[in-house]
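By convention here, the first residue in the shown sequence is residue 1. These values consider heavy atoms only, across backbone and side chains, with no hydrogens, waters or symmetry-generated copies.
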Amino acid sequence: MRDSIQTDQAPQAIGPYSQAIRAGGFLFASGQIPIDPQTGQFIAGGIAEQTEQVLKNLAAVLVAAGSGLDRVVKTTVFLADMDEFALMNEVYGRFFVTQPPARATVEAARLPRDARVEIEAIALVGD
């Protein structure tokens, strides 16, 4: 069984995909970019501000599915410029303090709407 997750507390999907899918005790969260869900616009600032908004958006999707950042087991971070890794990593570390998830970070030639960062996650749901 699988359920599609949808919340207005995170940006709406900009294509034919779900914000997340809950299946088999896991949540597979689609990549989030730094859009303010209230305005539909990118937030102002650089990589630090964008990373913070991305993680807030991701957290909102997780909560809507009955999970949370503390239940994330794997993330993939996509950066437009690997030179911004240290700043992204500093913000990321504030959201994942204890038992941080496994992670891959890659530089992408281009991200949706020319974002500087996009993060997807896999998390535990249920008991």
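Using a 4.5 Å cut-off on side-chain heavy atoms (C-beta onward), L124 and F26 make contact. Counting only heavy atoms from C-beta outward, the side chains of V61 and T7 approach each other to under 4.5 Å. Proximity of V54 to V91: side-chain heavy atoms (C-beta onward) are nowhere separated by under 4.5 Å. Between R103 and V77, the closest side-chain pair of non-hydrogen atoms falls below 4.5 Å.
The environment of OH in Y92 is crowded: more than 12 heavy-atom neighbours from other residues, nucleotides or ligands sit within 6.0 Å.
Cluster annotation: F78 and M88 are assigned to distinct hydrophobic clusters (Ile/Leu/Val/Met/Phe/Trp/Tyr, side-chain heavy-atom contacts under 4.5 Å, transitive). There is no path of hydrophobic side-chain contacts, each under 4.5 Å, that joins V72 to I21.
N89 contributes atom CG, which lies 7.0 Å from atom OG1 of T105 (distance to the nearest 0.5 angstrom). Distance check, rounded to the nearest 0.5 Å: NZ of K56 to CD of Q32 gives 13.5 Å. Between the CG atom in L69 and the CG atom in L55 there is a gap of 7.0 Å [rounded to 0.5 Å]. The distance from atom CG of L62 to atom CZ of R71, rounded to the nearest 0.5 Å, is 10.5 Å. Put simply, OG1 on T51 and CZ on R94 are 9.5 Å apart, with the number rounded to the nearest 0.5 Å. Between atom CG of residue L87 and atom CD of residue Q50 there is a gap of 12.0 Å, rounded to the nearest 0.5 Å.
Looking at every heavy atom in both residues, P101 comes nearest to F96 through CD-CD2, 3.5 Å. Across A23 and R2, no two heavy atoms sit closer than the pair CB-CB, 3.9 Å. F85 approaches L79 most closely through the heavy-atom pair CA-CD1, 3.8 Å. Nearest heavy atoms, N57 versus P37: OD1-CD, 3.7 Å.
A distance-only check finds no donor-acceptor pair linking the side chain of Q12 to the backbone of Q6 [under 3.5 Å].
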Kindly indicate, with the supporting measurements, whether the criterion side-chain contact (heavy atoms from CB on, under 4.5 Å) is fulfilled by F95 and L58. CA-CA 11 Å; F95 283 80; L58 183 59; over 6 Å; no

With a cut-off of 3.5 Å and sequence neighbours excluded, list every side-chain donor-acceptor pair involving residues 106-115.
residue	atom	partner	partner atom	Å
E107	OE2	M82	N	2.7
R110	NE	D114	OD1	2.6
R110	NH2	D114	OD1	3.2
R110	NH2	D114	OD2	3.3

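A side-chain donor from one of E120 and T76 sits under 3.5 Å from a side-chain acceptor of the other.
Of the residues I35, D36, I43, the one that meets the side-chain contact (heavy atoms from CB on, under 4.5 Å) test with T39 is D36.
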